[in-house]
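Residue numbers start from 1 in every chain, and the chains themselves are labelled A, B, ... in the order their sequence lines are given, proteins ahead of strands.
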Amino acid sequence: MTDVRATLKRAVASALERMGVSELPEIDIQETPPDKPGDYGTPVAFQLARVLRKAPPLIARELAELVELPAGVSRVEVVGGYVNFFYDPAFLVRAALAPLAPAPKQDGKVLVEHTSVNPNKELHVGHLRNVALGDAIARILDFTGRRVEVLNYIDDTGRQSAESLFALEHYGLRYEGERKYDHWVGEAYVRLHQEMSDAERRAELEPAIAAVLHRLEAGELRGEIEKLLAAQLETMWSLGAEYDVLVWESDIVREGLLQKALALLEKTPYVSRPTEGKYKGALVMDTSAFIEGMEDPYLVLLRSDGTATYTAKDIAFQFWKMGLLEGLRFKPFTHQPSGRELYTSHPEGEPMPFGNAAETINVIDVRQSYPQQVLKVALEAVGRHDLAAGAYHLAYETVLLEGRPLSGRKGHTVSVDEVLEEAVRRARAVIAEKNPELENPGEVARMVGVGAVRFAMVKTEPKKQIDFRWDQALSFEGDAAPYLQYAHARAASILRKAEAESLADEPDFARATPYEVDLAKVLLRFGPSLAKSAELKTPHVLAQYLLDLAAAWNAYYNAKEDGRPATPVLGAPDGLRGLRLALVAQLKQTLAAGLDLLGIAAPEAM
RNA sequence: GCGCCCGUAGCUCAGUUGGAUAGAGCGUCGGCCUCCGGAGCCGAAGGCCACAGGUUCGAAUCCUGUCGGGCGCACCA
């Protein structure tokens, strides 16, 4: 893609060098505000005022005289201290039509872990944000040239799973297939927790739960967990999320990775076994060299009874992810809806090149910030500062439901399946009302419903808490996925008509009007927005850009002069029609590509 | 108590590395299909960018403090 701003930046830099500026400042090229002259401008003269001991307008004038105008720039004008560039409209429109394609692959893998829900009950809206964020960021990084591996961690030796499986046994339940399996198991889990709210009863049940936990650790109940996992995967797939590999916690322990990780740590001066005091008999890590201001810098890795803490397992897992440990074996698990193969760690598998990434992104909510920091500490402790720097915690704030925190126990929760079902139902109703003739209403309702839900999860900055409200998340108006999808469908409709009536003709770029230029400038922001999204590791930048793009397109589409359409596409004269069709095609392609990066489908009609 | 994050229009949120007059959506009010899809568009009202200092030619953005809100500080996961 022709990067207009980068070109200007180079031109300005070279002019500044000729002006004798030895240390170049960051040169900011920005679009000029709507009522200011020019297309792009730079405030660089302000930054240089002090160094050059001259007033910004003087510097700006000198710069304007010395700068060599890049191709497409017709003239330069000084406005106050700003230097503004005027582009030839034809050049900008042509630049905006550059084809979209994924960037070529760079070296080095980035491993994205997301979802990682306990295999013990159905997904709820809190998990939604995780899946939507993780899947989107994986897609974005992939498109921007990273080699991405998507991993979903299966915590099959956790207490939650043990309780769920125990509950089935305890209540003698038999699955009849009348409900989705994960929901059915979840009900038993909730029932068990009601029974255990009585402390005495809880104590009575404890040994039996511990027994299930032991069997889980021994891998005896893997089949039971797999049944739950299969049901959960249905939900993730219906959201449009897929993975490369599943890693089971029990495999990490069974293959000895935990032991190896602890062995590595024990060789460092930070890990020790106190023989007296509070931590007598335990294996602890001193974090004080890496985290300041901790009241108690000691972190338990092995309890005094010899069992490993969750943190210890997590460290082993992180070490494996970054290639410090080997030993996991894999085999194919299942085919995903797109045809992509899903692999899983498995004791009877074989070595495969998963993991060993220089960079990891762990998508986990903000409450896990401390444990995530500990992972970096462990990497630092074994002397791998480089890996610690490459371990990124994509921390997102929690999701509220109608203004209140989610709570399974108080029944203040909604499952993802329920949300999607309702979203699709509402979308179906809107289609029945607005476009009853639509050929594939069921399929489109799914795209719109799921899209609305996913977009609601990624349009806000991850570190801000979001409130899931039915009327908002499922809104089909305003800044929501259906707004983008509608803009796309509208463009598709025009292109279909042009095709059917053979209206395509050779674009005459010289006929570009300010309307085309405005749209072209927004199209040109796709690349930078995407790059920023990838750099900051948050999809919301891209999501917000897409809203801008759709708004620019809708404004273009509806533009009027003297009450008459100012920008007809199909009815435009030869040459201009071709130009507008090309622009519409580019717009449609950009919206579709952007939506796809957020994991949202773009229907041709809706 | 210590640490991290947040505070922008009635509500929900954007706001580029510190740059030109702080922008959207929802809601309210008023307009727009003889026109390629009205899930749309145009306009109006609505702001002490929590508050107080500071740095700077320039601050919603950086620094300090205060006030409000969220979260974290287990031999739980």
message: Would you measure the distance from the C1' atom in B:rG30 across to the matching atom in B:rG46 and give it in whole Å?
response: 15 Å
message: Just N and O in the side chain of A:His540: are any of them under 4.0 Å from OP1 or OP2 of B:rG15?
response: yes
query: Looking at A:Tyr557, is A:Arg490 sitting on its ring face, NZ or CZ under 6.0 Å from the six-membered ring centre and within 45 degrees of the normal?
result: yes
query: Reckon A:Tyr483 has a side-chain N or O less than 4.0 Å from the OP1 or OP2 of B:rC41?
result: yes
field: Paired nucleotide for B:rG43 [Watson-Crick or G-U wobble; both distances under 3.5 Å]
entry: B:rC29
query: What is the pairing partner of B:rC73, taking Watson-Crick or G-U wobble pairs with both distances under 3.5 Å in any strand?
result: B:rG1
message: Please determine whether a side-chain nitrogen or oxygen atom of A:Tyr557 lies at a distance below 4.0 Å from atom OP1 or OP2 of B:rG38.
response: yes
- prompt: Rounded to the nearest Å, what distance is computed from the NZ atom of residue A:Lys497 to the C1' atom of nucleotide B:rG37?
  reply: 7 Å
query: More 5' along RNA chain B: A:Gln544 or A:Thr32, using each one's nearest nucleotide?
result: A:Gln544
N or O in side chain of A:Lys463 less than 4.0 angstrom from B:rC6 OP1/OP2: yes
query: Any side-chain N or O of A:Tyr279 less than 4.0 Å from the OP1 or OP2 oxygen of B:rC75?
result: yes
Pair A:Tyr486 + A:Phe476: ring centers closer than 6.0 Å: no
task: Figure out the CZ/P separation between A:Arg490 and B:rC35, and round it to whole Å.
output: 15 Å
Short side-chain N/O contact to B:rU12 OP1/OP2 from A:Lys464, under 4.0 Å: no
field: Interatomic distance where CG belongs to A:Leu24 and C1' belongs to B:rU17 [whole Å]
entry: 15 Å
- prompt: According to a strict under-4.0 Å criterion, is A:Ser493 in side-chain N/O contact with OP1 or OP2 of B:rG37?
  reply: yes
Complementary nucleotide of B:rA9, counting Watson-Crick and G-U pairs under 3.5 Å: none
